[in-house]
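One structure below.
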Amino acid sequence: MSVLIFVETQEGKLKKSAREAASYGAKLAGKLGTDAVAVAVGKIDHSELATLGQQGVSKVLHEENAKLDHFDSRAFTKVVAAAADKAGATILILSSTFNGKALAPRLSVRLKAGVVTNATELANTEGTFTVKKAVFSGKGVANFTFATEKKIITVNANSFPIAKGEGSAAVEDFSAGLADSDFGVKVLHVEKAGEGIPLPEAELVVSAGRGLKGPENWGMIEEMANLLHAATACSRAVSDVDWRPHHEHVGQTGLTISPNLYIAVGISGAIQHLAGVSSSKTIVVINVDPEAPFFKAADYGIVGDAFAVVPKLNEALKKYYANN
Amino acid sequence: MKFLVCVSKAPDTTTKITFTDNNTKFNEDKVQWIMNPTDEWYALVKALELKEKLGGTVTTVTVGKADVEPVIRKGLAIGADDAVRIDADDVDAYQVAALIADYAKSEGYDIIFTGKETINYNGFMVAGMLSELLDLPYISLGVKLDLNGNTATVVREIEGGEETLEVKTPFVVSCQKGMAEARIPNMRGIMAARTKPLKVVAAASVDTYTTVHHFEAPKERGNVKLISPDNVEELVRLLHEEAKVI
């Protein structure tokens, strides 16, 4: 028995979400008195994979197959299932990334393992094994149990701290024996939106809505995001009229995020918007309307005109970062 | 071309969420059920667009008891040709996927569409499970899809960008914003929906993998601390010293 963690990589580096998943898996393995083993695919140096030892992983299985540089849910399922078999894993941990969540349900069927996506904290191992996640778009929390012996959990971004210990994991080459027929999709091209921090895994997020009156007024929002090293986001209304790109839209029909800090400027806080951000640790709302429903869901609020408040806040942040 | 769209019911977005039976069950009393938004707006309408362009049929499939039929009729009113209801309460993602797979395996659908996720359990699971049960390629979070013969070009969202890929039918795709423009059923559609075929099929015997042990209310946030717009330095101080997020 062991805990197997699927670690995602990007351009030869482990993603932050991979280290979070590894820390989660290693902590769970510790509680269950077993080992944490990771599996990685595609082009990445063994020296980079060995650093997973800092998160408590003892061994990494690595399938370096150039065909796995692009995601294919069927081929990846075969590799991770083979790794689970080799490691004798009864628990699988993945990140709640787009690819992690595409992979987990396929693995569930392949391994006859129940799956809970978007876990927000470490599984409870005292008594009944349960995993907690937000349901009903953040308006409830469910604790799931499993009818299966094998279990799969995907871990939300920013929900579990990265362990920073000593140690180095042993890296072992491994092959699941993929054939051409295991691949179902052919990637034609990939378009990156820009150099900024990708929103789904950002720790700090600055978001704005219709209150900004037009796309030309986003300069001060981007300035705040730069000062904080935050990602930018927006409300549905704003992405619907193409003031901002769709991939910035958070809410029920957009992204669900859980950053440490979410600053909402000129967003009233409709229930559909809250569905995407209510699990943020700290929420700051800046709105000219004191009756905006978002204030009820916020930790800190400033009632005031964004065009007056945001430039002042940016100056205050500059001062703060100059002294800290 | 034969298109299948998986359609689920979900509580209306503004529903107040409460639990009963010692917090082990969702309180369905007074809940207004709607079609899960991404199933309706993107999955169903995309299938209809393809049918209008290329010909074929659009069938919806839903796991549920008779009380889900108004939701199914709405799909027919928007334009689906016929509907299938698999007669069972939906209890977990695996059970739903296994029942749909059991029905679909001998029907020869070219593309199976789902919404991105339901707004009740937010699981993001049925499409992936279905593709594995049927041994099909699966593309999640599709935002664009063109079909040429049996080759589809699909654009899907990835973290911080988009990926364009090619896939041969049959396959499973989950759909989100961008895939299609939501449609409102017109009177003719609503009238026609009354007489369109809605087939009820018996549920196969399948496993359940997970159950809710108990529900909780989400953590309460304390009252909002209001800061004067003339004292934004105080907000920076609180974010650093109290919230410890910067």
Side-chain angles (χ1 to χ4, degrees), chain A residues 73-74 97-98 101-102 105-106 108-110 114-118 128 130 135-148 184-193 198 200 228 246-247 252-253 260-261 271-272 282 295 297-304 308-309 312-313 316-317 320, chain B residues 11 13-14 17 19 37-38 93-94 119-125 128-129 131-133 137-141 157-167 171 176-178 207-218 221-222 224-227 229 232-233 235-236 238-240 243 245-246:
Chain A
S73 66
R74 193 151 63 169
T97 54
F98 297 157
K101 288 202 290 178
R106 291 202 84 128
S108 166
V109 171
R110 183 78 60 105
V115 49
V116 176
T117 52
N118 303 344
T128 312
T130 55
V135 290
F136 298 102
S137 302
K139 290 190 280 182
V141 172
N143 294 270
F144 279 91
T145 57
F146 297 79
T148 53
V185 302
K186 189 171 119 198
V187 174
L188 303 177
H189 64 265
V190 173
E191 202 166 310
K192 287 281 177 185
L228 287 163
H246 164 65
H247 63 81
Q252 189 157 282
T253 49
N260 292 335
L261 173 63
I271 200 154
Q272 292 85 347
T282 299
F295 283 115
D299 300 286
Y300 304 106
I302 297 181
V303 178
V309 174
K312 275 198 276 186
L313 184 55
L317 285 168
Y320 166 79
Chain B
T13 316
T14 53
I17 303 296
F19 307 106
T38 53
Y94 179 78
I119 59 170
N120 43 9
Y121 289 96
N122 306 99
F124 204 103
M125 289 194 280
M129 289 176 169
S131 57
E132 183 67 18
L133 286 159
Y138 165 45
I139 299 108
S140 66
L141 296 175
E157 187 177 4
I158 56 172
E159 272 92 5
E162 287 182 346
E163 183 179 271
T164 305
L165 52 85
E166 206 174 79
V167 59
F171 62 89
Q176 65 162 341
K177 193 173 164 191
D207 289 334
T208 299
Y209 281 1
T210 54
T211 1
V212 175
H213 186 266
H214 64 279
F215 288 102
E216 298 166 25
R221 258 172 229 280
V224 59
K225 257 188 203 170
L226 286 179
I227 296 139
V232 293
E233 290 78 12
L235 176 63
V236 176
L238 287 166
L239 291 178
H240 177 59
V245 288
I246 64 169

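Below, each value reflects all heavy atoms present in this structure, side chains not excepted, and no hydrogens, waters or symmetry copies. Below, chain A is the first sequence line, B the second, and so on; all start at residue 1. Remember, it's a predicted structure, so these values are computed and weren't measured experimentally.
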Side chain, backbone, both or neither: which part of [X] has a heavy atom under 4.5 Å from chain B?
X: A/T130; answer: side chain
X: A/L313; answer: both
X: A/N118; answer: side chain
X: A/A297; answer: backbone
X: A/H247; answer: both
X: A/R110; answer: both

Check whether [X] gets within reach of chain A through its side chain, its backbone, both or neither, counting any heavy atom under 4.5 Å.
X: B/F171; answer: neither
X: B/S140; answer: side chain
X: B/Y94; answer: side chain
X: B/L141; answer: side chain
X: B/Q176; answer: side chain
X: B/L235; answer: side chain
X: B/A217; answer: backbone

Do you know which of [options] has the most heavy-atom pairs with chain A at a distance under 4.5 angstrom?
options: B/L226, B/T208, B/V167; result: B/L226
options: B/T38, B/I139, B/I158; result: B/I158
options: B/S131, B/G222, B/A93; result: B/S131
options: B/T210, B/T211, B/V236; result: B/T211
options: B/E159, B/E157, B/E163; result: B/E159
options: B/H240, B/R221, B/K225, B/M129; result: B/R221

> Should the pair B/Y121 and A/F136 be assigned to parallel (<30°), tilted (30 to 60°) or perpendicular (>60°) ring geometry?
Replying inline: tilted
To check you understand the geometry: which heavy-atom pair defines the closest contact between [X] and [Y], and what is its length?
X: A/S137; Y: A/Q252; result: OG-OE1, 3.2 Å
X: B/Y138; Y: A/S73; result: O-OG, 3.5 Å
X: A/K139; Y: B/T13; result: NZ-O, 2.7 Å
X: A/V185; Y: B/P137; result: CG1-CB, 4.4 Å

> What is the distance from atom CG of B/L239 to atom CG of A/L317, rounded to the nearest 0.5 Å?
Replying inline: 8.0 Å
> At what distance, to the nearest 0.5 angstrom, does CZ of B/F124 lie from CZ of A/F98?
Replying inline: 7.0 Å
> So does B/E166 have more than 12 non-hydrogen atoms from other groups sitting under 6.0 Å from CD?
Replying inline: yes
>> Other residues, nucleotides and ligands only: do more than 12 of their heavy atoms fall within 6.0 Å of NZ on A/K192?
In response: yes
> Backbone N or O of B/H213 within a donor-acceptor pair of the A/T145 side chain at under 3.5 Å?
Replying inline: no
> Hey, does the side chain of A/K312 reach the backbone of B/P229 with a donor-acceptor pair shorter than 3.5 angstrom?
Replying inline: yes
Just give me the residue among [options] that pairs up with chain B most often, heavy atom to heavy atom, under 4.5 Å.
options: A/V115, A/V116, A/V309, A/N260; result: A/V115
options: A/A316, A/G301, A/G184, A/P198; result: A/G301
options: A/G138, A/G304, A/G114, A/A308; result: A/G114
options: A/K101, A/H246, A/Q272, A/R106; result: A/R106
options: A/I271, A/I302, A/T148, A/V141; result: A/V141

4.5 Å side-chain heavy-atom contact, [X] and [Y]:
X: A/T97; Y: A/P200; answer: no
X: B/M125; Y: A/T117; answer: yes
X: A/N143; Y: A/T128; answer: no

